[in-house]
Student: 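Sharing a structure below in structure tokens format, with a few things to ask.
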There are 2 protein chains.
Amino acid sequence: MKKTEINSIEIARLAGVSRSTVSRVINNYTNVPPATREKVMRVIEAYNYYPNLSAQVLAGKKTRTIGLFLIDAGHVSSDMLTNMLIVNVIEHASALGYYVLTNIIRNPSDSDTCRSVKEIFYQRRIDGGVFIGAANHEPLIEDLIAEGFVAAVVDQELPGHDEPNRITANYDNQTGMELAVNYLADLHHTSIGILNGDMKRLSGRTKYEGFQHAMKQRGLAVREQWAIPGDFHKESGYQAMTRLLEQSELPTAIVAANDSIAFGAIRAMKERGLQVPGDLSIIGFDDHALSSMHQPALTTIKVDFPAMLQQLTTTLIQTIENGTITREPIVAGSTLIIRQSCSPITPK
Amino acid sequence: MKKTEINSIEIARLAGVSRSTVSRVINNYTNVPPATREKVMRVIEAYNYYPNLSAQVLAGKKTRTIGLFLIDAGHVSSDMLTNMLIVNVIEHASALGYYVLTNIIRNPSDSDTCRSVKEIFYQRRIDGGVFIGAANHEPLIEDLIAEGFVAAVVDQELPGHDEPNRITANYDNQTGMELAVNYLADLHHTSIGILNGDMKRLSGRTKYEGFQHAMKQRGLAVREQWAIPGDFHKESGYQAMTRLLEQSELPTAIVAANDSIAFGAIRAMKERGLQVPGDLSIIGFDDHALSSMHQPALTTIKVDFPAMLQQLTTTLIQTIENGTITREPIVAGSTLIIRQSCSPITPK
DNA sequence: CTGAAAGCGCTTACAG
DNA sequence: CTGAAAGCGCTTACAG
């Protein structure tokens, strides 16, 4: 049986003070003499008293909870990257005394889904939210920001939209692509293709733009028929590679917009008896947890998610607590991780 | 800028009714005539009104939030299984209109950690919690249950402790071990060892007991020096196998208390130039997401986590809403998944 | 069918 | 330094 709750007035009575004073010691007001604080703390501890959160929030305190919204059609549970993202946000929030309410959004365009996400904010269930996997312009997020809720969104860039309650973090895809293309070019590849990601997402676009830019820098031609569209999932990589392989003339190397795409693409090759990197070199993006144990181990552009998420979460919480703060751009760095999926071309 | 909140009294004014009536339509009371409901709903929708959660909770409603507590010293972020567990709980809770607050507990014995977990319950931040990865007898959980909070714990069996606010789910390790041992015995193995899991956890114990029982059933001897202690992690598997290999006489097959242990054990073998299953057959437990792509693909006892978690989450929520309910035991089924890590012995 | 009112448990000006 | 009191936004007996 649940014991009847003890509340602040009971604590006050027991300590021989008023509720005001109990509240003051709980909230660490400075104008409470040590002796009084002592006395009150003793009964608080003795009775295992913790202030009721709803009452505190109703009286004006924060909920100290943030929402984590993972937008993904249906791969969330199977992708290891997701787990790392979730755990990262939780641990960084936790370090600042915040809790996280994790939500999975299958389809941000569905009106019921939209309603229920908005409800979480309007209900004041959370103080703010972080969004991962959204399109660059996502109406749901824009609505929330217009309403004044604070949102931290990963992989977004909306020129002119620098509301104080919008926090964004980005990937440095320009540098990433330079790293990838230069590595391939240094291996003497000149025929390089790309398996693109979802173009509705900022990264889909900036990766392709970065690719074009990096190719140009090295004086290499981008062949449109070697730029295959897709989304960021394995199945898409499989299909993209299948399409690519139907062509009469093939590139000697491919950059995949992420590692999942590369996994799918390599499977498509294996099924046709093709070798990586023997027949085609492939480089991915992310450094997915599976990449190092993949066969062949995947050469990739590692993205520093943990550092980015830490900054994003921290900035979100600071904004919640202090309102607008001066903010520096948050960007995830890229590094080249050389493994086994790329090999040099011997010029004929 | 955040707009000033609209509240129920404002809605009432706009709809020309009292707050009581607004509340009645929101809470779907039956005694509201359709016309009145209509009228109120229209202004609720027009103004995008959602009742303030804290006020509702303070007035006696549930928070509709459950806590998910993952207890693990430091492997949470790297283990794919975790991700599946988290996503499963979230989706099942979500289907019932509940949210989940995910927490990572590094060390349940640490007093600060304990305090902060308890605080979540006492604060009434959640209506109940699910615990995964705890020792069979975990003081923190026992305290919470003693206080009357409802807790759903995975992998627990405490005879005599059938409080109405305790919900447990278990693994059918007896059957699982029979499956594993019989499979190995059918392959003509008679010298079978075991790499044990954490004995503080119920599964650690029941797996070993199940192993002993299954061996006996097949008339096979359990050799104590082939039962290596460990916990449920990869590193432990590596060390256990290293220890095993130091022995002069070796088994021909090994059952690992889970797949992670098997991965570590296989790595230890590879480093010594030993083959799986050539030199030693290994079977794991769980059917970890990596098992099928492991080299060699791991033969394992698949555990039906999704079904178990669904039942557990559903039962937890029903208990929260309806108090005690008649409950059936929740147990996760086991199936043998044959892949490449075990081979038959040719009797000499 | 519906409104007035009490109550949920806190915090924070306000006054002293 | 400290208490009395108002207020946060809801829900739910109670009375009609």
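In what follows, chains carry the letters A, B, and so on, assigned in the order in which the sequence lines appear, proteins first and then strands, with residues in each chain numbered from 1.
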Student: I need the CG-P distance between A:N27 and C:dG9, as an integer number of Å.
Tutor: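 Atom CG in A:N27 sits about 18 Å away from atom P in C:dG9.
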Student: CZ of B:R37 versus C1' of C:dT2: gap in Å, rounded?
Tutor: 14 Å
Student: Roughly how many Å is it from CG in A:L53 to C1' in C:dT11, rounded to a whole number?
Tutor: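 Taking CG of A:L53 and C1' of C:dT11, I get 13 Å after rounding.
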Student: Can you find a pair of side-chain heavy atoms, one from B:M308 and one from B:V154, that are under 4.5 Å apart?
Tutor: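 The answer is yes, as the side chains (C-beta and beyond) meet within the 4.5 Å cut-off.
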Student: Does A:I320 offer a backbone N or O that forms a donor-acceptor pair with the side chain of A:D127 under 3.5 Å?
Tutor: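 Absent.
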Student: Of B:T30 and B:A55, whose closest DNA chain C nucleotide lies nearer the 5' terminus?
Tutor: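 The residue whose closest nucleotide sits nearer the 5' end is B:T30.
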Student: Can you check whether A:T21 has a side-chain N or O nearer than 4.0 Å to OP1 or OP2 of D:dG3?
Tutor: yes
Student: Between A:R19 (side chain only) and A:R13 (backbone N and O only), is there a donor and an acceptor less than 3.5 Å apart?
Tutor: no
Student: Does any nucleotide pair with C:dC1 by Watson-Crick or G-U wobble geometry, both distances under 3.5 Å, and what is it?
Tutor: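 Paired with C:dC1, as far as the under-3.5 Å criterion goes, is D:dG16.
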Student: Taking the side chain of B:L58 as heavy atoms from C-beta outward, which of D:dC10, D:dG9, D:dA13 is closest to it?
Tutor: D:dG9
Student: It should be established whether A:Y49 places a side-chain nitrogen or oxygen under 4.0 Å from OP1 or OP2 of nucleotide C:dC10.
Tutor: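 Answer yes for this pair, as a side-chain N or O of A:Y49 is under 4.0 Å from OP1 or OP2.
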Student: Without decimals, in angstroms, what is the distance between B:N28 CG and D:dT12 C1'?
Tutor: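 So the two atoms are 16 Å apart, to the nearest Å.
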Student: For the residue pair A:F149 and A:Y122, categorise the inter-ring angle as parallel (less than 30°), tilted (30 to 60°) or perpendicular (more than 60°).
Tutor: perpendicular
Student: B:S20 has a side chain; which of C:dG3, C:dA13, D:dT11 sits nearest to it?
Tutor: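 Ranking C:dG3, C:dA13, D:dT11 by closest atom to the B:S20 side chain puts C:dG3 first.
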Student: Looking at D:dC10, I'd like to know if its phosphate oxygens (OP1 or OP2) sit under 4.0 Å from a side-chain N or O belonging to B:S8.
Tutor: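 Affirmative; the distance criterion is met.
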Student: Measure the distance from CD on A:E10 to P on C:dG9 and round it to the nearest whole Å.
Tutor: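 Nearest whole value for this atom pair: 11 Å.
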Student: Heavy atoms under 4.0 Å, any strand shown: does B:N52 hit a base, just sugar-phosphate, or nothing?
Tutor: sugar-phosphate
Student: Is it the case that the base of C:dG9 and the side chain of B:R124 share a donor-acceptor contact (distance under 3.5 Å, atom types as modelled)?
Tutor: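 For B:R124, whose side chain was compared with the base of C:dG9, there is no donor-acceptor pair (under 3.5 Å).
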Student: What is the distance, to the nearest angstrom, from the CZ atom on B:R19 to the P atom on D:dT11?
Tutor: 10 Å
Student: For the side chain of B:S23, counting heavy atoms from C-beta on, which of C:dG3, C:dC8, D:dT12 is nearest?
Tutor: D:dT12
Student: Could you tell me how far apart A:Y122 (OH) and D:dC10 (P) are, to the nearest whole angstrom?
Tutor: 14 Å
Student: Just compare C:dC10, D:dA13, C:dT11 and give me whichever is closest to any side-chain atom of A:N7.
Tutor: C:dC10
Student: Is there a side-chain contact between A:S18 and the phosphate of D:dA4, meaning an N or O under 4.0 Å from OP1 or OP2?
Tutor: no
Student: Atom CD1 of B:I9 to atom P of D:dT11: distance rounded to whole Å?
Tutor: 14 Å
Student: Could you check whether A:S54 gets within reach of a base, just the sugar-phosphate, or nothing at all, counting any heavy atom under 4.0 Å?
Tutor: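 Nothing, no nucleic acid heavy atom in range.
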Student: Look at B:Y29 and C:dT2 and indicate whether a side-chain polar atom (N or O) is within less than 4.0 Å of OP1 or OP2.
Tutor: no
Student: Do B:L70 and B:T102 have side chains that get closer than 4.5 Å, going by heavy atoms?
Tutor: yes
Student: Is a donor on one side and an acceptor on the other found under 3.5 Å between the side chain of A:N136 and the backbone of A:E157?
Tutor: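 Pair found, side chain donor or acceptor close to backbone of A:E157.
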Student: Toward the 5' end of DNA chain C, which comes first, A:G60 or B:V32, by nearest nucleotide?
Tutor: B:V32
Student: B:P33 has a side chain; which of D:dG7, C:dA13, C:dC1 sits nearest to it?
Tutor: C:dC1
